[in-house]
Amino acid sequence: MVERINLTTGMNFEDGEHIRYVNGEFRGESEIGRLMHDFNCTRADDMHFDLMAERTRYLKENSKGVQEMCKVMEDMRNEAANIAAQKKAMDIASAMIMAGKYALEEISALCGLSLDEVRHLQTNKKV
């Protein structure tokens with residue numbers, strides 16, 4: 001088990017949470033062994049825990065649940081694509097700042113970043 005600590009005070013971070021690392025390959029008759037089994041199941045009927053099986057059945061076999069899961073996955077893909085596009089725009093803007101050939105307003109317009117974002121990049125780069 002891992003406990004989090006406040007590096008400033010050296011005291012435990014008393015938030016009531018505990019982190020446990022578990023080998024996902026572990027199987028056994030204990031609660032953790034059965035849980036690891038269920039995490040690796042593709043069919044709800046093979047699961048030990050009823051609540052997990054019920055939710056899996058809903059998300060995989062019920063048309064409303066499948067639509068819900070597809071929406072979640074689509075949202076995740078869109079978020080990842082937006083993050084990647086933002087990072088690429090920031091990288092290009094940084095390179096343009098380093099080149100020293102462009103006005104900040106030009107960089108903003110060409111990269112699709114706000115002028116404040118470009119200024120922030122400029123102040124954090126050693127030009």
Side-chain angles (χ1 to χ4, degrees):
M1 183 160 50
V2 175
E3 293 290 340
R4 295 185 291 173
I5 63 165
N6 180 325
L7 293 176
T8 304
T9 65
M11 302 292 291
N12 282 345
F13 190 70
E14 299 289 338
D15 64 353
E17 291 187 17
H18 303 281
I19 301 169
R20 293 185 189 262
Y21 292 93
V22 177
N23 180 347
E25 298 297 317
F26 176 73
R27 300 294 181 272
E29 292 307 312
S30 67
E31 294 283 307
I32 300 257
R34 290 197 304 273
L35 184 63
M36 291 303 100
H37 168 270
D38 285 6
F39 280 158
N40 286 280
C41 281
T42 56
R43 293 176 15 139
D45 291 340
D46 296 335
M47 293 182 171
H48 297 290
F49 293 95
D50 293 336
L51 181 61
M52 189 177 291
E54 178 185 321
R55 189 69 179 154
T56 299
R57 199 171 283 111
Y58 171 74
L59 293 171
K60 288 188 169 195
E61 299 172 14
N62 179 300
S63 62
K64 188 174 178 184
V66 170
Q67 286 177 349
E68 187 179 315
M69 181 57 77
C70 287
K71 173 75 171 107
V72 167
M73 294 302 294
E74 182 180 341
D75 291 347
M76 287 172 54
R77 278 192 306 273
N78 290 339
E79 182 179 352
N82 289 339
I83 289 169
Q86 180 74 5
K87 182 184 180 325
K88 184 170 185 154
M90 299 286 241
D91 289 346
I92 292 169
S94 293
M96 292 173 79
I97 290 167
M98 295 297 283
K101 298 178 182 179
Y102 303 93
L104 297 184
E105 293 78 10
E106 287 179 291
I107 297 171
S108 171
L110 292 170
C111 293
L113 299 172
S114 73
L115 195 51
D116 285 341
E117 289 173 309
V118 176
R119 283 187 185 122
H120 180 74
L121 281 173
Q122 183 187 40
T123 59
N124 290 318
K125 296 287 176 196
K126 296 190 180 183
V127 182

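Values in this document were obtained by computation on a predicted structure and should not be read as measured data. For the single chain, residues carry numbers from 1 onward in sequence order.
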Report the residues that fulfil side-chain hydrogen bond (donor to acceptor under 3.5 Å, both in side chains) with [X], sequence neighbours left out, ordered by chain and then residue number.
X      : value
Ser114 : Glu117
Asp91  : Lys87
Arg55  : Glu68

Heavy-atom donor-acceptor pair, Lys60 side chain to Gly65 backbone, under 3.5 Å:
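Flag not set: sc Lys60 to bb Gly65 has no pair under 3.5 Å.
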Can you give the donor-acceptor pairs under 3.5 Å from side chains of residues 43-52 to other protein atoms, not counting sequence neighbours?
| residue | atom | partner | partner atom | Å |
| --- | --- | --- | --- | --- |
| Arg43 | NE | Asp46 | OD2 | 3.2 |
| Arg43 | NH2 | Asp46 | OD1 | 3.4 |
| Asp45 | OD1 | Arg57 | NH2 | 2.8 |
| His48 | NE2 | His37 | ND1 | 3.4 |

Locate the shortest heavy-atom distance separating Ala89 from Cys111; write the atom from each residue and the value.
CB-O, 3.5 Å
Compare every heavy atom of Asn6 with every heavy atom of Thr8, then report the nearest pair and how far apart it is.
N-OD1, 2.8 Å
Looking at side-chain heavy atoms only, is the closest gap between Met36 and Glu25 below 4.5 Å?
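No, side chains not in contact.
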Is there side-chain contact between Arg119 and Thr123, with heavy atoms separated by less than 4.5 Å?
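SC-SC contact between Arg119 and Thr123 ruled out.
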Would you give the length of the straight line joining atom CZ of Phe26 to atom CG of Asn40, rounded to the nearest 0.5 angstrom?
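The CG atom of Asn40 is 13.0 Å from CZ of Phe26, to the nearest 0.5 Å.
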What's the separation between atom CE in Met69 and atom OG1 in Thr56, rounded to the nearest 0.5 Å?
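One gets 8.5 Å once the value is rounded to the nearest 0.5 Å.
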Say whether [X] and [Y] are linked into one hydrophobic cluster, either directly or through other cluster members, by side-chain heavy-atom distances under 4.5 angstrom.
X     : Y     : value
Ile32 : Tyr21 : no
Leu59 : Phe39 : no
Met73 : Tyr58 : yes

Taking side-chain hydrogen bond (donor to acceptor under 3.5 Å, both in side chains) as the cut-off, I'd like each qualifying pair that reaches into residues 72-85, sequence neighbours left out, listed once.
Lys71-Asp75
Extract all donor-acceptor atom pairs below 3.5 Å that involve side chains of residues 95-110 and protein atoms in other chains or at least two apart in sequence.
| residue | atom | partner | partner atom | Å |
| --- | --- | --- | --- | --- |
| Glu106 | OE1 | Ala103 | N | 2.9 |
| Ser108 | OG | Leu113 | O | 2.5 |

Looking only at side-chain N and O atoms, does Asn124 offer a donor or acceptor that is under 3.5 Å from a partner on His120?
yes
